[in-house]
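Heads up: the structure comes next, in structure tokens.
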Amino acid sequence: MRVLIIEDDAILRDGLTVGLRLAGFSPEAVCDCADARQALAMGGFRAAVLDLMLPDGSGLDLLRELRGQGGTLPVLVLTARDRTPDRVQGLDAGADDYLGKPFELDELAARLRALIRRAQGRAEAEMAWNGLRLDPAQMRGRRDGREITFSPREFAILQALMERPGAILGKVQLEERIYGWQERVESNTIEVHVHNLRAKLGAGVIETVRGAGYRLADAG
């Protein structure tokens with residue numbers, strides 16, 4: 001799940017990037033409003049983490065601008081300005097959630113998962129398909145009473161397919177789920193991860209649609 005981090009503190013920005021990647025996200029980080037606007041215009045994010053005090057403007061103004069343009073991207077405000085009036089102002093400006101600094105990374109990751117889940121219209125934390133259940137918080141699965149563990153990238157691919165059962169996802173779409181802007185994309189990475197997933201789940205779970213991509217096999 002690609003998320004955008006808008007934070008000017010370099011140490012915190014790097015820590016968020018590393019921590020959220022370990023939590024199963026694909027984070028991209030920018031440090032000011034100008035870069036945030038460019039990133040948001042490119043799209044493809046599932047949520048954003050927004051600091052309010054940025055070097056070239058107010059994160060709150062950036063949020064109002066996004067909502068004024070009709071943007072529905074879930075936004076979690078992460079800021080040291082955590083008094084009740086500040087929270088009220090942020091939420092009324094269009095924030096979906098508000099977390100004060102200092103914070104626990106596990107809580108931030110859980111709040112992001114909840115925002116993304118609600119944006120997808122899902123109430124249940126776990127995902128289910130054809131007897132397979134996925135727990136995004138633990139990056140684990142269960143099928144036929146058997147617990148299955150995945151690498152972060154394997155989980156990201158499987159989660160993308162389970163979010164749209166029956167839909168064909170191309171290689172580029174899947175690469176966007178597991179790679180950041182600055183990462184070198186290896187030519188056969190998706191094929192390798194799909195091979196590993198089939199070894200763990202069964203050969204018939206993920207179908208290859210020649211020339212198009214991959215999809216989950218029909219449950220019937």
Side-chain angles (χ1 to χ4, degrees), residues 1-33 35-36 39-40 43-54 58-67 71-128 133-141 150 152-153 155-156 158-160 162-163 176-178 180:
M1 293 181 289
R2 291 184 68 209
V3 296
L4 178 63
I5 301 167
I6 308 167
E7 169 61 60
D8 68 322
D9 184 298
I11 294 176
L12 178 55
R13 187 171 64 247
D14 291 344
L16 286 169
T17 300
V18 172
L20 289 178
R21 183 171 291 122
L22 290 173
F25 295 91
S26 297
E28 307 289 354
V30 297
C31 63
D32 56 33
C33 292
D35 286 346
L40 290 168
F45 297 103
R46 312 299 292 277
V49 178
L50 174 65
D51 183 21
L52 295 185
M53 294 177 284
L54 299 170
S58 164
L60 206 59
D61 290 340
L62 181 66
L63 177 58
R64 292 192 181 102
E65 182 180 320
L66 173 67
R67 296 301 185 231
T72 59
L73 181 74
V75 175
L76 185 151
V77 169
L78 183 66
T79 178
R81 291 165 50 181
D82 193 33
R83 297 179 304 115
T84 298
D86 295 321
R87 294 197 299 271
V88 170
Q89 186 179 32
L91 293 168
D92 282 344
D96 298 275
D97 201 354
Y98 203 105
L99 186 60
K101 300 175 183 177
F103 62 95
E104 294 290 337
L105 185 60
D106 286 347
E107 181 181 2
L108 173 62
R111 287 174 180 263
L112 284 174
R113 286 192 294 268
L115 290 180
I116 294 169
R117 184 169 68 244
R118 289 198 295 270
Q120 294 172 339
R122 292 191 296 115
E124 189 176 4
E126 291 190 346
M127 304 175 68
R133 298 189 68 84
L134 286 190
D135 180 358
Q138 301 295 325
M139 284 191 289
R140 295 177 183 172
F150 306 97
R153 286 181 172 174
F155 190 90
L158 183 56
Q159 185 176 18
M162 286 186 67
E163 286 173 357
E176 289 176 349
R177 292 292 292 260
I178 67 175

Original post:
So, the side chain of Arg83 versus the backbone of Pro85: is there a donor-acceptor pair under 3.5 Å, distance only?
Top reply: no

Original post:
Of all heavy-atom pairs between Met139 and Leu22, which one has the smallest distance, and what is that distance?
Top reply: CE-O, 3.2 Å

**OP:** Please test Asp51 against Arg81 for salt bridge (Lys or Arg N to Asp or Glu O under 4.0 Å), starting from the C-alpha separation and ending with a verdict.
**Re:** CA-CA 10 Å; Asp51 183 21; Arg81 291 165 50 181; over 6 Å; no

Original post:
side chain to side chain contact (heavy atoms under 4.5 Å, CB included) with Thr79: which of Asp86, Leu60, Leu52, Leu99?
Top reply: Leu52

Subject >> Nearest non-hydrogen partners of Ala36 and Leu62, listed with the distance >> reply: CB-CD2, 3.7 Å

Subject >> Between CD1 on residue Ile6 and CD on residue Glu28, distance to nearest 0.5 Å >> reply: 12.0 Å

Subject >> Heavy-atom closest pair, residues Leu112 and Phe25 >> reply: CB-CZ, 3.8 Å

**OP:** Identify which one of Gln138, Arg117, Arg133 satisfies the side chain to side chain donor-acceptor pair (under 3.5 Å) criterion when paired with Glu126.
**Re:** Arg133

**OP:** Go through the steps for Arg46 and Gln120 under the test side chain to side chain contact (heavy atoms under 4.5 Å, CB included), then give the verdict.
**Re:** CA-CA 10 Å; Arg46 312 299 292 277; Gln120 294 172 339; 2.4 Å; yes

Original post:
Do Val49 and Glu7 have side-chain heavy atoms sitting under 4.5 Å apart?
Top reply: no

Subject >> Between CG on residue Leu16 and CG on residue Asp9, distance to nearest 0.5 Å >> reply: 9.0 Å

Original post:
Heavy atoms, side chains only, cut-off 4.5 Å: are Met1 and Phe45 in contact?
Top reply: no

**OP:** Please lay out, stage by stage, how Arg118 and Arg122 fare under the test side chain to side chain contact (heavy atoms under 4.5 Å, CB included).
**Re:** CA-CA 5 Å; Arg118 289 198 295 270; Arg122 292 191 296 115; over 6 Å; no

Original post:
Mind checking whether Leu76 and Leu50 have side chains closer than 4.5 Å, heavy atoms only?
Top reply: no

Original post:
About how many Å separate CG of Leu108 and CG of Leu20, when rounded to the nearest 0.5 Å?
Top reply: 5.5 Å

Original post:
Looking only at heavy atoms, what is the nearest atom pair of Leu54 and Gly59, with distance?
Top reply: CD1-CA, 4.1 Å

Original post:
Under 4.5 Å between any side-chain heavy atoms of Val18 and Asp14, yes or no?
Top reply: no

**OP:** Measure the shortest side-chain to side-chain distance between Phe155 and Leu134 over non-hydrogen atoms and say whether it is less than 4.5 angstrom.
**Re:** yes

Subject >> Salt bridge Arg67-Asp96, side-chain N to carboxylate O under 4.0 Å >> reply: yes

Original post:
Does a side-chain heavy-atom distance below 4.5 Å link Arg13 with Cys31?
Top reply: yes

Subject >> Side-chain heavy-atom pair Lys101, Leu78 within 4.5 angstrom cut-off >> reply: yes

Original post:
What are the two closest heavy atoms between Cys33 and Ser58, and how far apart are they?
Top reply: SG-O, 4.1 Å

**OP:** Output, in order, the C-alpha distance, side-chain angles, deciding distance and verdict of side chain to side chain contact (heavy atoms under 4.5 Å, CB included) for Val30 and Ile5.
**Re:** CA-CA 6 Å; Val30 297; Ile5 301 167; over 6 Å; no

**OP:** Measure the spacing between CG of Leu91 and CD of Gln89 and express it to the nearest 0.5 Å.
**Re:** 10.5 Å

Original post:
Looking only at heavy atoms, what is the nearest atom pair of Pro74 and Ala119, with distance?
Top reply: CG-CB, 3.8 Å

Original post:
Are Val77 and Asp97 close enough that some pair of their side-chain heavy atoms sits under 4.5 Å apart?
Top reply: no

